[in-house]
Structures are given as structure tokens and as C-alpha cells.
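Here's the structure, in C-alpha cells; my notes come after.
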Amino acid sequence: VQAKRHSVTAATSPHLHIRRMTKPTDAGEPASTAELMSRYVSAERGYRVPREGWRICLAHEFKEKRKPFQARDVSLSNVKKHIGLGVRYLKWWYRKTQVEKKAPFIDMFRALPLRQIYGAPLGGIGGGTITRGWRGEFCRWQLNPGMYHYETVIANQFTVCLRRGHQTVYQQVLSVERPSTLQGWNWGYCGEYAFYHALYPRAWTVYHLPGQNVTLTCRQVSPVIPHDYKDSCLPVAVLIWDIENKNDYPLDVSIMFTMTNGSGHKDDKSGGHWNEPFHLEKQGESVSGVLLHHCTPINPYTLCIAAREQPDREISYQTAFLPKGTCETLWSDLISDGRLDSPTGSSPPTQKGEKVAAALAVSCLVPAQGHNSMEFSLAWDMPRITFGSLYVYVCYRRYTRFFGSQGDSASSLCHYGLTHYQDWETRIEAWQTPILEDSSLPSWYKSALFNELYFLVDGGTVWVELAEDADITGSQSCEYGGLPAQPSVIKEYGRFAYLEGQEYRMYNTYDVHFYASFALIMLWPKLALSLQYDIAGCVVQQDLTERLNLMSGQYSPVKTRNVVPHDIGDPDDEPWLRVNAYLIHDTANWKDLNLKFVLHVYRDFYLTQDKQYLEDMWPICQVVMDSEMKFDRDGDGLIENSGFADQTYDGWTVTGPSAYCGGLWLASVCVMCKMARLMDNNSVYHRYKDILDRGSAAFDSLLWNGQYYNYDSSGRELSSSVMSDQCAGQWLLRASGLGEGEYQAFPVDKVRRALKSVFELNVQGFARGQMGAVNGMRPEGVPDRSSVQSDEVWVGVVYGLAATMIHEGMLEEGFRTAEGCYRTVWEQLGMAFQTPEAYCEKGIFRSLAYMRPLSIWAMQLALDSRRCNGSVTEGEPVEAASPPEAH
């Protein structure tokens, strides 16, 4: 019953009467999208485009242009504190980039500039991604695992050709660009007649063709389906074009898809690449297209563009063309009869310095006042991958279990996508519809909830098979309660890893995964458990190699046994084999990592009811808690921070007992009591119950000031700062069905008073209440500027804070808090599909495309939990908070 009550398969939400913050506009969009759509001049709404999601006119220009945080943005006071770090980082950076010729795991001197262009990525989980921009460009590539390449490949386009009575009357590249190359093509489509609409994992682009009485709707579908572990791993996407002809005469319509062999990287010109046409028939269904073989010595791959053969549709192609100069030949070929020449045979391998591209066209008749459609697919097949160290260790992507590992599956992937996408959409709609149709939930939340999931796919994600000879424990399994060398969940479902951020290149950064993990455990729980087993395997291992920590200037081992790693490695090195790519601090002395592991273990058990998982993790929980005990130096049951930034806020010093780490500690002790009961271990239960009682009293005595928990208890001038994340421990207890009664660590009335203080000061008292919660706020109402992080807003922390408020019955405050982040990122700053870790009130942001904002799914879990527990019933009013000022 418990497992069923907390099942996240449906992920439905309670019928909450949350006061409306926006009103629908006359044009049919929620008011939240009105500014983004203000330049749209057409009345056309496209073919079956949903109401909810993120919508933007292709002519929109974002007014605010922010700069990335770099070393020069550190304040003078903080520079003085970190001179040593700066010198050591500079030396390390120079050696890494100039001697080793490698990319730093964090590059403080070459942060990514903000490009306000990105849309929903293509493809499933862990097979690499290709991102299309909201104006239609192919502009962000992650084919080599974890390594990003940001290049708009201008030849990758869709072109429409309209013919009436055997004569072409209109031919247009569906792009607003006016490039300096390919000038024989008709560029410069007017963006005021088109809009983009994203509801991940689908997206729609609607083009009204001026003067033609024709509307095109391109629907982009990727196989990202909760609780599916086959189709969700496939590197393929389908693009369906719906054509509406509102003329009184029929039209012959052709759409041409052009694709370059490569990703805009310098190896596109390395030579040896070639294309070939193909036709594939399986189970009575046929597809045709072009294979583009990209023959690099490391991680070669094949791209495939294909179309489904259907009655009354004609497929034609051009195997190869040179995407340079005017390229008039291809343009004229299409304009002459709406078809391409379709030569037989493959193209010769390219010469060094030369690029090659291919084109595929589908033609159909659209009746007067009628509709027709055509279907394209794009796939990429890079089955065997090596990481940046070029070690002999080869990984096989998850999809090879179903499609083979020989590198000849691109056409089969396209065939599968074209013949299964309708089933994908049925399952996607079954998952999303209960939330989308819940009228009590605001539109911005529905957009944020689904669109933030892009990072599970486009977070440098890899999903690979476990090697037959792999031992996740490094041959240490027998010493730690029998932790299996090859856990069944990893053998069956594979290994999963995603980056901390596209700019912070570390896999499974655990202090951040603490927040992001809600999306994974709710939607793909087997992958969440697989990741946990990998972390547990790292816990029992050590790497005694000494290295310099950039912050302290001291040397320490890379990995200490019986502590949770910071990360499982850098994709430019050898993840899983060499962990802890992060070298700013010695994270063996961090206070939060071990605690977050323990909290995850019980939360994951609570949501999955997987008893074998709990049994396997129990010994690991005991050893990491034993390691943590040394931080309780005075024996009062409460750990102390060590006077440096020894937790996820790695630039914000904390000393002595603190709200954040102390709260996580008490929550971990609480779940140890619960797990000891479940494991029928009374001695462990009584040990931790004693610690919980003493620690809770110390926490209250040392940190509670009557309104909130102080940042820390050091007595420093800024110890009394209000930390937005001070109730993180209670958040995880609530998410695990605990937090009251026998398994209570914090007085509920004090938690709610603290959350109200955070709402009043960190949310409403910051940026006019419009930008979420600032990390640190002084009680007098000004941001804490004592560190480079205390005056930032961390989007993922804000979503977690909002979830905590919802758990505690503060629904209005929770939604208002989270709304500020969504509107800032997606509507004001143009950071769609690249949500950053942080932004300040003005001027700068930090670390685009970051893991932590996946924590928005914690809000959904909180809503589901309240509904299941009967805390909110249909029709129950919610106390209103003060409205924010208008933008």
C-alpha cells in the first residue's frame, strides 16, 4: 500500500486552489508568455499545439544581456581572502590548458557567453544529444560523451517548396538567418510569422507562410518516457510536419531536410567522411534516407536522416553536396520540380579540408482547405565510446543492448523512431496530461516542471552497459556486508552519469545530485538506484595519490575510504575509474556528502520499497555515518563545520554548528533510526536515538533565535544571516514520509516560522520579490555579501525551498518563491534549456546548463505527498500571499 501510495508513475498533483498570478490573454497564451509573443503578427495557432509550455515568437529579442561570472567579478574583499586560491588555480589552469592540452573541469577564464537561442534537445537519455534552437538552428552538440561543442551549423535546415499546377510558386529556407554563405538559397524568413512552443520532450514550431495561406507545424518528438528503459535510451528523434492549406486549390508541397556530415567541429574537415543512400524495409514498413559516416579515429559515428514511405508521398534525396559558396545547384534542383535528383551509389570520401552534406526531400499533395503530413527522423549511432584519457577501457552505450554495437544501426534507429513515435506520444501524454489539465496549477509551473527535464538528457549524460569483468567495489565487496560487485540493478539497467553542469564537467557531483535526484527517482527510479550503487562502490575504495587542493594549498589523497566521493570523474579523463575530478577542496572533510547519501538511501527505499537495495546500502550507511562522527568534536550530538567552505556552498565559509550541515546531520541521524528499525537492529537504533535527542537539543540551543536558524554559531558578525537552505534536512525528512512523531528532528512550529522568515526576507525582501530566494540575507534586509555565493540565487535550491514550503502547508509561498526563478530564467534572461546554477540580482550569472534545477520535481513530490496523505482536499482554499510587483 505504501509503495502504491507514493508511486510516481502517474505523477499527478492534488487539486490545489492556488491563487492565479497570471491571466490568459485574448490571443490564447497565458499572460506569462505575452511578452515573448508580443511580436507575433499572425493569427495562426498551429496544428494541435498544446496550450501549456514555453512559447516564444521567432522575432523576439531579449532586452537583458547578462555576462558570465569570471575571476574578474570577484569583489576586492573576497579577492583578499582568496589570493592563494587564485595563484594556485592560475598555475593549474596554465598546466592543464597549455601543457596537457586539456579543458579544465571548471574554466574560470573562459566561461561560456550567454547565447539566448536554445530549444529542446533531440534524442533519448545517454546516447548523446543534438540541440535545436528555438529559431530552428542545430546549435549545441554532445556526441562525444560529456564534451560539448557549441556551433550553429548553418547548412542544417528545413526548406519548404510550394507548387501549383506544376510550377513552383514559393521556396523558402525556414530560418530567420541571413548567412554569408549558401547565398544561392532564399534566407531571411520573417520571424514575426512564426513561434516556437516547448513542452519537453516535445516541441512545436509553427510557420505561417506570408501570402501563401499555408501554415506549417513542425513537431519534434524525442523518446524520453518515464519508467521506460529501452526506448528512452535511443539516440533518435522524429520531426513531423503538419501542413494546412487554406487555399481553395490544392498544393504540391515539398520539405527538404539538409544535414552536414559532422557537428561544426574542426574534425568535419579532417577527411575520409562519406555519405550513402539507403532503403530499409522491416515488418511491412519502409524508410529511405541518407547515411552520413563520420570517420574520426576516436569515437566515429554515423548520422542518419530518413523519411517514412507512405502512400501519395514521394521521397527524393541528394547523397552529397558541398555546403559552401552559393550552393545554387541543390536549390535549383528542388525548385525545378520539388524533387531532388536521387543519384545511386555512395559519395567518395572527403578530402582533408573539405566538408560534405546531404539532403532529403518529401513531397505530398495537400488538398484545398485540407491537411497532410510528412515524417522525418534524425539518428546518430556512436555505440562504443572512450573517454578523454583514451584509456583502453571502452564503454558500450545502453542502446547497443537493443540495436547492436557494430556502428551500423543508424538506419534501424530511424526506422524504429518513425514506426514507434506515435506510441511514444501516447505514453508521454498519459504521463503529462493529469498535470497539464490540473487547473489549480499555474501555467508557468507546468512549463518549468517538464522543460527543466531537458538536463537529464542534455547534461552530458551517458548511459552505458556494465562491463562483464567490472567490480563496482574495486574488489572490496566482501569487507562491507556483501555489497555486490555487480548489482543486479546495474546489470539489468546499466550505469548512468550526468554532469554537474555543461561548464562544470564532473559526473554525478553528489552534493548537487542531492537536489537534482528527485527527477530521477520519480521518473526513472532504476537509474537512481544504479547511481546509488555506483556511489556506494566508490565509498569503500581509496586512492592514496597525493594532490594539491587549490583552496588550502595542502596535499591530500584523491579519495579516502569510507567517505562519499564528490564526483565519479571527468569525461575528459576516465569516469568511474578515476573519481573526484574536483580538486578545489579536500572533500573527505566536507560535512554534507556522507549525510546526503544516507538521506538518499532511505528516501529511495521509501519511494521504491526495494528491500534488497536497503539491505545492500545499510552497511554503507553505517560506515559513512561512522566517518562523520569525528566532526562532532564536543560530543553534544551535533557536528561542527571546520571554518572553511566544507559543503556544497564551496565558496561560503561556515564555522561550528550550522543550520545547513547541522540540519542535514540531524535528518540523517533520524533516518538511521528508521532504517535500524526496519533492519531490526535495536542497538543501532538506540545509539542513534540518543544522538538525535542530544543533537536536536544542541541544534535548537545553539542556532534558533526565535525567528529562524542562524547561518552558524561561530559568533562572527554574519553568523546571524538568514540562509534560504536552512531547512534542507526537514525537506528530505518530509520527502521520505518522516519529520513528525517518533522520527522528528526539528519542531514543526519552528520549521514553519523559519520558512516564513525566509519568505519574508530572502524572497519578498530581495529584488522586489520577483527573482526567487537569495542564498543569504541579513536580518536587516540586505543580501549577505560576505562570499561570492551568499548573494547569489541558486535556482535548484529555490525549487527545493519551494518544495519544503509545500510540505509544510505553505503552498502559496512555495509557488511564489519558485515562480520568481522561472520567470527570471525563462522569460527575462533568455536562458531557456540552459538554466544556470546561479544569478545575482543584477549583471551576472554563473554556470549555464546546470544539474541542480531538476529539483523542481521535489515540488511535484510534495504536492503528490500532500494529496496522498489527505493534507489537501479538492476545493480547499490556500492562504494568499502578497502579490509581487509587476515586471
Side-chain angles (χ1 to χ4, degrees), residues 65-118 139-142 144 146-151 264-266 388-389 459-460 499-507 509 512 547-553 566-567 569-573 580-587 645 648-652 785 787-792 794 829-831 834-840 842-852:
K65 311 291 184 182
R66 289 211 170 190
K67 302 289 186 182
F69 177 88
Q70 299 194 68
R72 63 175 177 266
D73 295 306
V74 180
S75 68
L76 182 59
S77 61
N78 282 310
V79 166
K80 292 177 180 178
K81 297 177 187 176
H82 300 303
I83 289 176
L85 168 65
V87 172
R88 287 184 288 272
Y89 178 84
L90 180 60
K91 290 180 178 178
W92 173 84
W93 181 90
Y94 181 84
R95 184 175 66 253
K96 195 76 174 176
T97 59
Q98 305 303 311
V99 179
E100 298 177 21
K101 303 298 183 183
K102 291 278 190 177
F105 73 96
I106 297 176
D107 195 332
M108 285 296 295
F109 298 113
R110 294 186 296 206
L112 282 178
L114 176 60
R115 302 175 70 201
Q116 298 164 316
I117 66 172
Y118 295 115
C139 52
R140 186 167 67 194
W141 307 77
Q142 188 257 143
N144 282 315
M147 305 302 291
Y148 275 86
H149 178 60
Y150 304 88
E151 187 70 32
H265 193 267
K266 62 183 180 181
S389 73
L499 296 175
E500 179 177 336
Q502 291 181 10
E503 293 191 80
Y504 286 16
R505 213 181 52 246
M506 295 159 282
Y507 273 134
T509 299
V512 183
R547 71 175 180 189
L548 179 69
N549 297 302
L550 299 178
M551 181 67 76
S552 68
H566 174 273
D567 59 83
D570 178 353
D572 204 24
D573 184 29
N580 281 346
Y582 179 87
L583 45 69
I584 295 175
H585 295 282
D586 176 11
T587 58
T648 194
Y649 297 88
D650 59 351
W652 194 358
R785 304 193 189 280
S787 78
V788 295
Q789 294 174 338
S790 53
D791 66 345
E792 292 181 325
W794 287 11
L829 301 183
M831 294 177 176
Q834 53 181 332
T835 304
E837 158 74 319
Y839 55 80
C840 290
K842 296 178 181 178
I844 59 175
F845 63 88
R846 184 167 57 80
S847 188
L848 290 169
Y850 199 75
M851 176 198 290
R852 206 183 313 252

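The figures that follow rest on heavy atoms only: side chains count, while hydrogens, waters and symmetry mates do not.
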Under 3.5 Å: donor-acceptor pair, side chain of Gln142, backbone of Gly146: yes
Do Asn580 and Arg547 touch side chain to side chain, with heavy atoms closer than 4.5 Å? yes
Do Lys91 side-chain atoms and Gly86 backbone N/O form a donor-acceptor pair below 3.5 Å? no
Roughly how far, to the nearest 0.5 Å, is the CG atom of Leu848 from the OG1 atom of Thr835? 9.0 Å
Nearest-0.5 Å distance that lies between atom OG1 in Thr587 and atom OH in Tyr582: 8.0 Å
Nearest heavy-atom contact between Pro571 and Arg505 is CG-CG, 3.6 Å
Please lay out, stage by stage, how Cys840 and Asp791 fare under the test side chain to side chain contact (heavy atoms under 4.5 Å, CB included). CA-CA 7 Å; Cys840 290; Asp791 66 345; 4.3 Å; yes
Do Tyr839 and Arg66 have side-chain heavy atoms sitting under 4.5 Å apart? yes
How are the rings of Tyr649 and Trp794 set to each other: parallel, tilted or perpendicular (split at 30° and 60°)? parallel
For a quick test of reading the model, state the closest non-hydrogen atom pair linking Gly651 to Ala645 and the distance between them. N-CB, 3.7 Å
Is it true that atom NZ of Lys65 has more than 12 heavy atoms of other residues, nucleotides or ligands lying nearer than 6.0 Å? yes
Using atom types as modelled and distance alone, determine if a side-chain donor or acceptor of Thr509 lies under 3.5 Å from a backbone N or O of Val512. no
Side-chain (His265) to main-chain (His149) donor-acceptor, under 3.5 angstrom: no
Flag for Glu500-Tyr850: side-chain donor and acceptor within less than 3.5 Å: yes
Please lay out, stage by stage, how Tyr148 and Arg140 fare under the test side chain to side chain contact (heavy atoms under 4.5 Å, CB included). CA-CA 7 Å; Tyr148 275 86; Arg140 186 167 67 194; 3.9 Å; yes
For Ala103 and Asp572, which heavy atoms make the closest approach, and how far apart are they? N-OD2, 3.6 Å
Hey, what do you get for CG (Leu90) to CG (Leu550), rounding to the nearest 0.5 Å? 11.0 Å
Which atoms form the tightest heavy-atom contact between Asp107 and Tyr89, and what is the distance? CA-OH, 3.4 Å
So, taking the atom named CZ in Phe845 and the one named CE in Met831, what distance separates them when rounded to the nearest 0.5 Å? 5.0 Å
Output yes when a side-chain donor or acceptor of Trp141 lies under 3.5 Å from a complementary backbone atom of Glu151, and no otherwise. yes
Tell me the closest heavy-atom pair linking Met506 and Ala581, and the distance in Å. CG-CB, 4.0 Å
Value rounded to 0.5 Å, distance of CH2 in Trp652 from CD in Gln789: 8.5 Å
What's the shortest heavy-atom distance between Gln834 and Gln116, and which atoms? NE2-CA, 4.3 Å
The test is side chain to side chain contact (heavy atoms under 4.5 Å, CB included); show your working for Arg88 and Leu548 and say whether it passes. CA-CA 9 Å; Arg88 287 184 288 272; Leu548 179 69; 4.0 Å; yes
Is the shortest side-chain heavy-atom distance between Leu112 and Pro68 below 4.5 Å? no
Can you tell me how far NZ of Lys101 sits from CZ of Arg95, rounded to the nearest 0.5 angstrom? 14.0 Å
Would Ser847 and Glu837 count as having a side-chain donor-acceptor pair, cut-off 3.5 Å? no
Flag yes if more than 12 heavy atoms outside Phe109 fall under 6.0 Å of its CZ atom; otherwise flag no. yes
Please test Arg852 against Thr648 for side chain to side chain donor-acceptor pair (under 3.5 Å), starting from the C-alpha separation and ending with a verdict. CA-CA 11 Å; Arg852 206 183 313 252; Thr648 194; 3.2 Å; yes
Determine whether Trp93 and Arg110 make a side-chain contact, defined as any pair of heavy atoms from C-beta on separated by less than 4.5 Å. yes
Do Phe105 and Glu503 have side-chain heavy atoms sitting under 4.5 Å apart? no
Which is it for Trp92 and Leu583 under the side chain to side chain contact (heavy atoms under 4.5 Å, CB included) test, yes or no, and what are the steps along the way? CA-CA 10 Å; Trp92 173 84; Leu583 45 69; 3.9 Å; yes
